[in-house]
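Nothing here was measured: the structure is a model prediction, and the numbers come from that model. Chain A is the first sequence line, chain B the second, and so forth, proteins listed ahead of strands; every chain is numbered from 1.
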2 protein chains.
Amino acid sequence: MIGLTPTQAAVLAFIEDRLDSHALPPTCREICARFGYKSPKAASDHLVALEHKGFLARDPMRARGIRLLKPRGIPVLGTIAAGLPADSLASRDHQLAIDPAVFGIKDRSNAFALRVQGDSMEGRSIFDGDIVMLESGATPRHESVVAALIDNESTLKTFLRRDGKTWLRAENPRYPDLIPAWDLQIQGVARAVIRHLPP
Amino acid sequence: MIGLTPTQAAVLAFIEDRLDSHALPPTCREICARFGYKSPKAASDHLVALEHKGFLARDPMRARGIRLLKPRGIPVLGTIAAGLPADSLASRDHQLAIDPAVFGIKDRSNAFALRVQGDSMEGRSIFDGDIVMLESGATPRHESVVAALIDNESTLKTFLRRDGKTWLRAENPRYPDLIPAWDLQIQGVARAVIRHLPP
DNA sequence: GCAACAACTATACATCCGTTTAGCAATGAT
DNA sequence: ATCATTGCTAAACGGATGTATAGTTGTTGC
């Protein structure tokens with residue numbers, strides 16, 4: 001009863017995909033076409049289950065009357081204790097409801113965000129409390145701001161490329177100025193800095 | 001042929017409203033119900049006209065197959081030459097596709113954005129090229145960042161309230177430090193700072 | 001073994017929905 | 001005066017859509 005079965009999770013993921021690509025939730029028969037079902041009742045049953053478990057609400061007797069209840073957004077990962085960002089995606093505490101396509105991130109599954117702690121990037125005008133949206137799997141350029149995994153902690157650094165060699169420059173005196181970039185986990189390339197000014 | 005008739009503009013506005021409130025475009029008959037039409041052909045005709053004029057695209061034979069082509073966003077007003085932000089809304093050159101509700105702006109018609117020029121707000125860590133999202137009609141608090149109209153030019157200032165009197169503090173040496181805030185046009189209160197890092 | 005549940009198939013129904021055909025009234029341009 | 005455009009009504013068609021009924025298969029828990 002609690003939690004989603006693999007099939008239900010797949011249907012929910014398909015609905016989310018369609019909202020990304022077509023901006024419209026799918027119909028029952030479009031769900032059937034995606035999964036090869038031969039009866040619309042199959043998709044309808046999954047929607048009933050997803051609604052009963054609180055993942056979506058339906059407008060009865062309305063075409064495409066599906067509304068997702070858990071709002072979709074970009075996961076905001078605070079200080080990452082260990083592992084890749086993908087591992088921390090499960091703990092979706094905070095979500096940033098901004099379309100990553102605004103900042104040139106085409107695949108939203110590669111987008112994540114970090115809340116900046118401390119003055120690691122004062123030199124690049126990124127300050128404590130700012131939120132940085134990053135793209136994982138992207139290739140950084142010279143002087144790109146990247147999130148790097150050092151000592152099991154994720155910190156922002158400036159990526160440098162010179163004479164075919166790559167370095168990371170820390171903008172914080174607590175870290176050494178230059179760190180070789182190979183053998184390091186670069187988790188993502190920063191695409192935007194967002195600062196919310198509370199009223 | 002060029003431009004929208006008042007009726008067509010009303011239908012387009014209704015579609016935009018429905019996308020905001022229900023996240024789904026309306027059906028032809030829902031448009032009829034809104035405007036009192038007694039035949040679905042009336043709404044269908046308007047959709048054909050709006051499609052022909054390039055404001056939307058339709059998925060034929062699909063329920064709610066309406067996609068807006070001109071993406072909705074927050075107007076980005078550069079340096080405002082004169083007048084209120086509302087006057088400049090007509091020149092929607094750039095649009096910021098970020099939902100203002102993320103930053104606590106409930107009514108999106110009150111949201112607008114400014115691209116920061118110069119170092120007017122270095123003291124508040126807002127730099128040249130940053131985009132500031134603002135809310136018009138809001139009441140600023142002590143030390144809120146506001147856009148004020150001075151000498152027919154829109155600039156960012158810090159709003160100060162002390163002993164019942166209100167002042168504006170410029171964070172740029174080119175302007176006087178303190179300006180009385182009454183008799184001045186405060187165009188909006190800054191809610192967020194956004195910096196796009198190009199790849 | 002048996003009940004409960006998940007995950008479907010097959011068929012069917014009533015409604016929803018986009019579209020078509022035909023026509024009317026008002027307006028403005030040629 | 002005539003024609004084109006806009007903005008609708010009326011009626012209807014067929015595909016699209018959500019839902020219901022009845023049944024099948026396999027898995028899990030007791």
S.K.: Return whichever of A:P40 or A:H46 has its heavy-atom-nearest nucleotide of DNA chain C closer to the 5' end.
M.R.: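 Final value for this comparison: A:H46.
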S.K.: Nearest to the side chain of A:M61, heavy atoms from C-beta on, is which of C:dA6, D:dT19, C:dC17?
M.R.: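 Within the option list, the nearest is D:dT19.
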S.K.: Listed by chain and number, what are the side-chain hydrogen bond (donor to acceptor under 3.5 Å, both in side chains) partners of A:E143, not counting sequence neighbours?
M.R.: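 Expected list: none.
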S.K.: Would you give me the side-chain donor-acceptor pairs under 3.5 Å for residues 6-15 of chain A, sequence neighbours excluded?
M.R.:
| unit_1 | atom_1 | unit_2 | atom_2 | d |
| --- | --- | --- | --- | --- |
| A:Q8 | OE1 | A:T5 | N | 3.3 |
| A:Q8 | OE1 | A:T5 | OG1 | 3.4 |
| A:Q8 | OE1 | A:K53 | NZ | 2.9 |

S.K.: In whole Å, I'd like the distance from the CD1 atom of B:I15 to the C1' atom of C:dG18.
M.R.: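 Rounded to the whole Å, the gap is 14 Å.
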S.K.: Could I get a table of every N or O pair under 3.5 Å where one atom is in the protein and the other is in nucleotides 22-29 of chain C?
M.R.:
none

S.K.: Distance criterion of 3.5 Å, no angle test: do you see the side chain of B:R62 paired donor-to-acceptor with the base of C:dG18?
M.R.: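 In this structure, the two groups form no donor-acceptor pair.
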S.K.: With the side chain of A:T7 defined as its heavy atoms from C-beta on, choose the nearest nucleotide among C:dA7, D:dT19, D:dC8.
M.R.: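 Selected nucleotide (nearest to the side chain): C:dA7.
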S.K.: A:V48: which other cluster members, linking ILVMFWY side chains closer than 4.5 Å, directly or transitively?
M.R.: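 Cluster partners of A:V48: none, it stands alone.
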S.K.: By the rule that ILVMFWY residues connect when side-chain heavy atoms come within less than 4.5 angstrom, directly or transitively, which residues belong alongside A:L69?
M.R.: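 Cluster partners of A:L69: none, it stands alone.
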S.K.: A:P140 and A:I186: which non-hydrogen atoms are nearest, and at how many Å?
M.R.: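 Smallest interatomic distance, heavy atoms only, reads CG-CD1, 4.4 Å.
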S.K.: Please report, rounded to the nearest Å, how far the C1' atom of C:dC17 is from the CZ atom of A:R64.
M.R.: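 Value for this atom pair: 11 Å.
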S.K.: Could you check whether any side-chain N or O of B:R64 sits under 3.5 Å from a backbone N or O of B:P25, counting only pairs where one atom can act as donor and the other as acceptor?
M.R.: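 Yes, because the side chain of B:R64 sits within donor-acceptor range (under 3.5 Å) of the backbone of B:P25.
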S.K.: Mind checking if B:A42 touches a base, just sugar-phosphate, or nothing, with heavy atoms under 4.0 Å?
M.R.: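 Base, at least one base atom sits under 4.0 Å.
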S.K.: Taking only residues two or more places apart in sequence, or in another chain, which ones meet B:R124 in a salt bridge (Lys or Arg N to Asp or Glu O under 4.0 Å)?
M.R.: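 B:R124: no salt bridge (Lys or Arg N to Asp or Glu O under 4.0 Å) contacts found.
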S.K.: Applying salt bridge (Lys or Arg N to Asp or Glu O under 4.0 Å), name anything that partners B:D99, two or more places apart in sequence or on another chain.
M.R.: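 Residues passing salt bridge (Lys or Arg N to Asp or Glu O under 4.0 Å) with B:D99: none at all.
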S.K.: With each end axis built from five pairs of C1' atoms, what bend angle do you get for the helix from C:dG1-D:dC30 to C:dT30-D:dA1? Round to 10°.
M.R.: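 One end axis against the other gives 30°.
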S.K.: May I have the distance from A:L47 (atom CG) to C:dA6 (atom C1'), rounded to whole angstrom?
M.R.: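 Interatomic distance, CG of A:L47 to C1' of C:dA6: 15 Å.
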S.K.: In chain order, what residues pass the side chain to side chain contact (heavy atoms under 4.5 Å, CB included) check against A:D130, with sequence neighbours excluded?
M.R.: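 With sequence neighbours excluded, A:D130 shows a side chain to side chain contact (heavy atoms under 4.5 Å, CB included) to A:V116, A:I126, A:F127, A:V193, A:R195, given in chain and number order.
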S.K.: Could you state the atom-to-atom distance from NE2 of B:H52 to C1' of D:dG7 in whole Å?
M.R.: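 Computing the B:H52:NE2 to D:dG7:C1' distance gives 17 Å.
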S.K.: Over how many whole Å does the gap from B:D59 atom CG to C:dC17 atom C1' extend?
M.R.: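 After rounding, the gap between these two atoms is 14 Å.
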S.K.: Which parts of residues 30-39 of chain B get close to DNA chain C, meaning a heavy atom less than 4.0 angstrom away?
M.R.: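 Contacting residues: none.
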S.K.: Could you work out, with salt bridge (Lys or Arg N to Asp or Glu O under 4.0 Å) as the rule, every residue matching A:D20, not counting sequence neighbours?
M.R.: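 Once residues adjacent in sequence are excluded, the partners of A:D20 under the salt bridge (Lys or Arg N to Asp or Glu O under 4.0 Å) criterion are A:R72, A:R108.
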S.K.: Report the residues that fulfil salt bridge (Lys or Arg N to Asp or Glu O under 4.0 Å) with A:E122, sequence neighbours left out, ordered by chain and then residue number.
M.R.: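 Scan of A:E122 (salt bridge (Lys or Arg N to Asp or Glu O under 4.0 Å), adjacent residues dropped) gives none.
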S.K.: Examine D:dG15: is either OP1 or OP2 under 4.0 Å from a nitrogen or oxygen in the side chain of A:R29? Give yes or no.
M.R.: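 So the side chain of A:R29 is outside the cut-off, no N or O lying under 4.0 Å from OP1 or OP2 of D:dG15.
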